[in-house]
Each structure stands twice: as structure tokens, then as C-alpha cells.
Amino acid sequence: MWLWLLALLGLYLLYRWYRDRQILQNLSDKYVLITGCDSGFGNLLARQLDRKGLRVLAACLTQRGAEQLKEATSQRLQTLILDVTDSQSVAAAADWVKQQVGDRGLWGLVNNAGILIPVAPYEWLTKADYQKVMEVNLMGLVEVTLSLLPLLRRAKGRIVNVASIMGRVSYIGGAYNMSKYGVEAFSDGLRRDPGSFGVKVSIVEPGFFRTPITEFHSIQKYMQCLWSNLPVEIKDTYGEKFFNVYCKSIQDMVSGANPNLSLVTDCMEHALTAVHPRTRYSAGWDAKFFFIPLSYLPTVLADYLLTSPLPKLTRV
Ligand SMILES: *[C@@H]1O[C@H](CO)[C@@H](O)[C@H](O)[C@H]1NC(C)=O
Ligand SMILES: *[C@@H]1O[C@H](CO)[C@@H](O)[C@H](O)[C@H]1NC(C)=O
Ligand SMILES: CC(=O)N[C@H]1CO[C@H](CO)[C@@H](O)[C@@H]1O
């Protein structure tokens, strides 16, 4: 009995391995637009796909980021400046992409641009703080996708959306988690939408990786500034000790972040170049063995596991 089960599992894994290994030919006539190429995953992916011979259209937020990337890559790679929160910038980018790709259409769109800060207990933040993160991580992604969908449809292409393990389980305040939950919902909905006509949608869920958005000094600087400007009642309710323990737990979390970003960009590359892309990719051991399993646990257990390392509010 067990032997049969093992054999079945073995066969399934073999089948999956074989399926995963089938890579498309003719990558060199495929255009891929990546957002957020100034640094982090986007920057690495742009270089990686450029080396593979794809035609990379790398969208950067800053001129400086674009220039540096251009210097480090081939003549094939082209950069553009894109602020995903600015509708005019998105429309201009879509026009430019249309001119570049012509009748071939756009093969790939990687929605990678994202921000993390503010990280703080929910009560410390204002509506504007939540809006800022939502504008970049969710509404920006939606607008870029909608503007490029006709070109993607023409190529029967691929959309790769970067969510996060924090799109599966939410803890420690801030709008980041909410925005990534939204990315998951948008991606699943779009994949099932009859209007997407053969455009394949993949979601990448990275664990904690060492990128500029998880850099502790900038998070700490932000949190200190936030703390010192909080209303006195809130400061009294939480207390300095809470603040310190909270900062420490964030520091511990980001200091354990994985420096090997290729674990994530390899998933993105697979989603763009495999014959059978997966709908979800999890990248990093923490994602695979902690956060994703955690998201299937009963809520009481997940709550316990996620809140026990955090400082408890003992005052009030
Ligand atoms: C690759 O593209 C060329 C022209 O673009 C075409 O002639 C050839 O058949 C393609 N090969 C494959 C395997 O699709
Ligand atoms: C990073 O991950 C890739 C797999 O994507 C692996 O091939 C490589 O050896 C890793 N690099 C380091 C320094 O661990
Ligand atoms: C703002 C923010 O990112 N909040 C939290 C979302 O959840 C993760 C863990 O899943 C926390 O590390 C984040 O701080």
C-alpha cells in the first residue's frame, strides 16, 4: 500500500520535473517589461533576462537607476522612466511600449515595483500612510496591467505579479500586507477572467529577502520619526519599552533575510520562459516551510505562532 503511494508520488514528482523543464525556444524575439528595475529583484531580473537574450524593457523610477542599469547590460536592453502611481506616466509608458513591440505584442509584464515602509502598529498610521502603499503596490500594478493588456493579449503573453508571503499571512501593522493580499486577489481574478484571452498570470511569493525595501536602517529611521511625532495618548498607551521591543523584533526579522535574490528572479524567469508556467511560486525556505504552510493552519494556531514573538501590551 505505502509502496504504491510512494511510487505514485515519485511519478508525480517526475512528471512535474519534466513539465517544469520544458523551456520555450526563440526567446530573442520576446519583449518583457519589468517595473521597479532601479534595485532589488527588478534590477537583477533585468540583467538576467538580458543575458538570456530576451528584449528587456526595464522601467525605473529614477534616471540614475536607469543609467546604471544601461551601463551594466547589452545594447538590447532599453530603459524607461515610470512612476506607477502617476496615470500620465503609465499612459506614456504604454504608448512607448506599443511603438517598441509593434505587431509582435508584449510577451511579458513583470509587476515588481513595490514599497514596504511604513511598518508600524496599525493605530500609529494615518489613512494617507495606507493610501501611499496601496497606490504603489496595488493600484499602480492594476493600472500598468490594464494599460498593457491589449499588447499582452496580442502576444498571448505572461503576467508575473510579485506578491509576498505577507500576501498570505498578515502580521505586524502597515499597509504592505493589505496591498499584497490585493495583488493575490487581482491576479487570481485576472487569470480566471475570460477577457484575458490566453494571457497566463503567475504570482511570485517571496519570503524575506535582503533588498533595499527590507533595509533596517531606513525602516528604523522611519519608525523613530513616527514614534516621536505620535500623539501623547498613544505614546503613553504603548510605552517606550513596547517601541523598543517592536523595533528589535523587526530588526531580527530583516537581519535573517536571505541575500540570494536569484531564488526569486529564477521563479520569475521560469514564469516567463517555461512552456508551462506555474500559477504560484514561493521563493525562499521561510516561505516554503513556514509562511505558506502557516497560511493553511486554523486561524487560532496561526495567530498564536505569529503573535507570540511580539511584545504584548501590558500597560493601559
Ligand atoms: C524561431 O523564429 C524564427 C523567425 O522568427 C522562425 O523561423 C522559427 O521557426 C522559430 N523557431 C521556433 C522553434 O519556434
Ligand atoms: C543562489 O540561488 C541559486 C539558485 O537559484 C543557486 O544556484 C546559487 O548557488 C545560490 N547562491 C548562493 C551564493 O547561495
Ligand atoms: C508593513 C508590513 O510589512 N507589515 C508586516 C506584514 O507581515 C509581515 C510578515 O508576514 C511582517 O514582517 C511585516 O512587517
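Keep in mind that what you see is a predicted model, and the values were worked out from it rather than measured. Whatever order the structure lists ligands and atoms in, that order sets their numbers, starting from 1.
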Validate the cation-pi geometry between Arg55 and Tyr31: distance from NZ or CZ to the six-membered ring centre under 6.0 Å, angle to the ring axis within 45°. yes
Nearest protein heavy atom with distance in Å, relative to atom 14 (O) of ligand 2: Asn260 ND2, 3.4 Å
Test log, rule salt bridge (charged side-chain N to carboxylate O under 4.0 Å, His left out), inputs Asp38 and Arg64: CA-CA 8 Å; Asp38 303 74; Arg64 190 158 158 266; over 6 Å; no
Is the Trp227 ring parallel, tilted or perpendicular to the Trp124 ring (thresholds 30°, 60°)? tilted
Distance-only side-chain donor-acceptor flag, Asp83 / Ser89, under 3.5 Å: no
For ligand 2, which atoms, with element, lie under 4.0 Å from some heavy atom of Asp266? 4 (C), 5 (O)
If you scan the protein for heavy atoms around atom 9 (O) of ligand 2, do you find one that is closer than 4.0 Å? no
